[in-house]
Amino acid sequence: MNIFEVIVLAIIEGLTEFLPVSSTGHMIIASSLMGIQSDNFVKLFTVAIQLGTILSVVVLYYKRFFRSVHFYFKLFVAFIPAVIFGLLFSDRIDELLESPLTVGISLVLGGIILLFVDKWFNKGTIDDTDEISYLTALKIGVFQCIAMIPGVSRSGASIVGGMAKKLTRKAAAEFSFFLAVPTMFAATAKKLYDFYKDGHVINSQEINLLLIGNVIGFFVALLAIKTFIDYLSKHGFRVFGIYRIIVGTILVIMVLSGYSLKVI
């Protein structure tokens, strides 16, 4: 990977990680168009740059992380399903990650759902994440597990799950952001562990690329989160549904036309 590729992927990660549009699908398209050859470091990079986007949530909502200990307990409860499903189906998830067609179809189907989600769940009564019960947190965590199917979108699944449990769009989105912190941190830690366990070592150049990617991802994610919350509160999900359908259709067409897509 070169610096230009790192910058592009970091911008995409920062923009798409917290939007209900699937960062995985965008990474596949971008890496294929740039001709990035997948290797052990590239696979590590696409996960490790999530640390920058995680930090953006902590910085934007730092007061929430010091409000009460119950906040952390609820996040832990919501995080449990991802741990269980991840351990049980890790091999199957890795297989699905190798299928761009799966990502494309998931993008389209998820987009169709987002076209109607505002009508289905338009009576949210919980407008503060502190009002979320432990049972509701657990159920939102189960919804997040749907995103283990590549292309579904972690944020999209957890936000819809929150709205289905009577959270307002804003509260559901914010809880999704908070839940991303332990979820994405765990995914990054596991990726780093596997990387070193397999005998790989990060050299100084690769460390610099990781630093650049995380810094860019951090600042882009700050902007994306603030913009998304404002837009979502006023306009809902329809535009994201349309966008997902367009991107997913492009991805499916590329696969069926024989275009060589590189899963990273």
Side-chain angles (χ1 to χ4, degrees), residues 10 13-21 23 47-83 86 117-118 121-147 153-189 214-237 240:
E13 169 64 23
L15 284 175
T16 61
E17 184 59 52
F18 297 111
L19 303 183
V21 296
S23 58
V47 176
I49 57 172
Q50 293 177 346
L51 290 175
T53 55
I54 291 173
L55 185 58
S56 69
V57 175
V58 177
V59 170
L60 277 176
Y61 294 98
Y62 72 94
K63 292 182 180 179
R64 299 290 183 93
F65 287 88
F66 295 100
R67 184 177 292 183
S68 71
V69 69
H70 295 291
F71 172 82
Y72 294 97
F73 288 151
K74 290 176 183 178
L75 285 185
F76 178 74
V77 168
F79 173 59
I80 289 175
V83 175
V117 71
D118 291 311
F121 310 118
N122 61 355
K123 298 180 180 179
T125 57
I126 301 174
D127 195 37
D128 191 324
T129 54
D130 284 347
E131 300 174 26
I132 298 174
S133 68
Y134 285 98
L135 180 58
T136 295
L138 179 64
K139 292 178 179 178
I140 294 174
V142 173
F143 268 90
Q144 179 180 238
C145 293
I146 300 173
S153 169
R154 188 210 59 81
S155 62
S158 52
I159 292 173
V160 171
M163 291 176 64
K165 305 313 296 180
K166 303 299 182 181
L167 273 69
T168 62
R169 289 190 299 230
K170 182 175 182 292
E174 289 181 343
F175 190 74
S176 171
F177 300 158
F178 303 150
L179 183 53
V181 175
T183 303
M184 294 163 62
F185 180 82
T188 303
N214 275 286
V215 170
I216 293 174
F218 168 77
F219 285 107
V220 174
L222 283 177
L223 177 62
I225 291 173
K226 295 180 69 174
T227 303
F228 176 55
I229 285 292
D230 291 339
Y231 183 90
L232 184 64
S233 299
K234 297 176 182 177
H235 305 290
F237 287 98
F240 298 104

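Because only heavy atoms are used, hydrogens play no part in the values below, and waters and symmetry mates are left out as well, while side chains stay in.
Summarising the geometry, atom OG1 belonging to T129 is positioned 8.5 Å from atom CG belonging to L75; distances are rounded to the nearest 0.5 Å. Going from atom CZ of F228 over to atom CD of E174 covers 11.0 Å, rounded to the nearest 0.5 Å. Note that NZ of K234 and CZ of R169 are 12.0 Å apart. Values are rounded to the nearest 0.5 Å. Atoms NZ and OG1, on K166 and T125 in that order, are 7.0 Å from each other to the nearest 0.5 Å. Note that the OG atom of S23 and the CD atom of E13 stand 5.0 Å from one another [nearest 0.5 Å]. For the atom pair L60 CG and K226 NZ, the distance stands at 6.5 Å (nearest 0.5 Å).
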Would you list the atom pairs, donor with acceptor, under 3.5 Å between side chains in residues 48-56 and any protein atom, with sequence neighbours excluded?
unit_1: T53; atom_1: OG1; unit_2: Q50; atom_2: O; d: 2.7
unit_1: S56; atom_1: OG; unit_2: T53; atom_2: O; d: 2.4

Under 3.5 Å, side-chain donor or acceptor atoms of residues 131-139 against the rest of the protein: list the pairs with distances, not counting sequence neighbours.
unit_1: S133; atom_1: OG; unit_2: T136; atom_2: N; d: 3.1
unit_1: S133; atom_1: OG; unit_2: T136; atom_2: OG1; d: 3.0
unit_1: Y134; atom_1: OH; unit_2: H70; atom_2: ND1; d: 3.1

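Contact detail for A171 and D128: the closest heavy-atom pair is CB-N, 4.2 Å. Taking every heavy atom of both residues into account, M163 and T168 meet most closely at CG-O, 4.4 Å. When all heavy atoms of I229 and A173 are compared, the closest pair comes out as CD1-CB, 3.7 Å. The two residues T188 and V47 come nearest to each other via the heavy atoms OG1-O, 3.3 Å. The heavy-atom pair separating S153 from G156 by the smallest distance is OG-N, 3.0 Å.
Here the side chains of V117 and I159 are not in contact, with every heavy-atom distance at 4.5 Å or above. A heavy-atom distance below 4.5 Å is not found between the side chains of S176 and Q144.
Qualifying side chain to side chain contact (heavy atoms under 4.5 Å, CB included) partners for F143, counting only residues two or more places apart in sequence or in other chains: I146, A164. Scanning for ring-ring contact (aromatic ring centres under 6.0 Å, His included) contacts around F18 gives F177, with sequence neighbours left out. In this structure, the ring-ring contact (aromatic ring centres under 6.0 Å, His included) partners of F65, at least two apart in sequence or on a different chain, are F71, F178. Residues that satisfy the side chain to side chain contact (heavy atoms under 4.5 Å, CB included) test with L223, not counting sequence neighbours, are T227.
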Would you please test F185 and F79 for side chain to side chain contact (heavy atoms under 4.5 Å, CB included) and show each step?
CA-CA 11 Å; F185 180 82; F79 173 59; over 6 Å; no

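Side-chain polar atoms of T183 and R154 form no donor-acceptor pair below 3.5 angstrom.
A 6.0 Å sphere centred on OH of Y231 holds more than 12 heavy atoms belonging to other residues, nucleotides or ligands.
Counting only distance, with no hydrogens or angles, the side chain of K74 and the backbone of D130 share a donor-acceptor pair below 3.5 Å.
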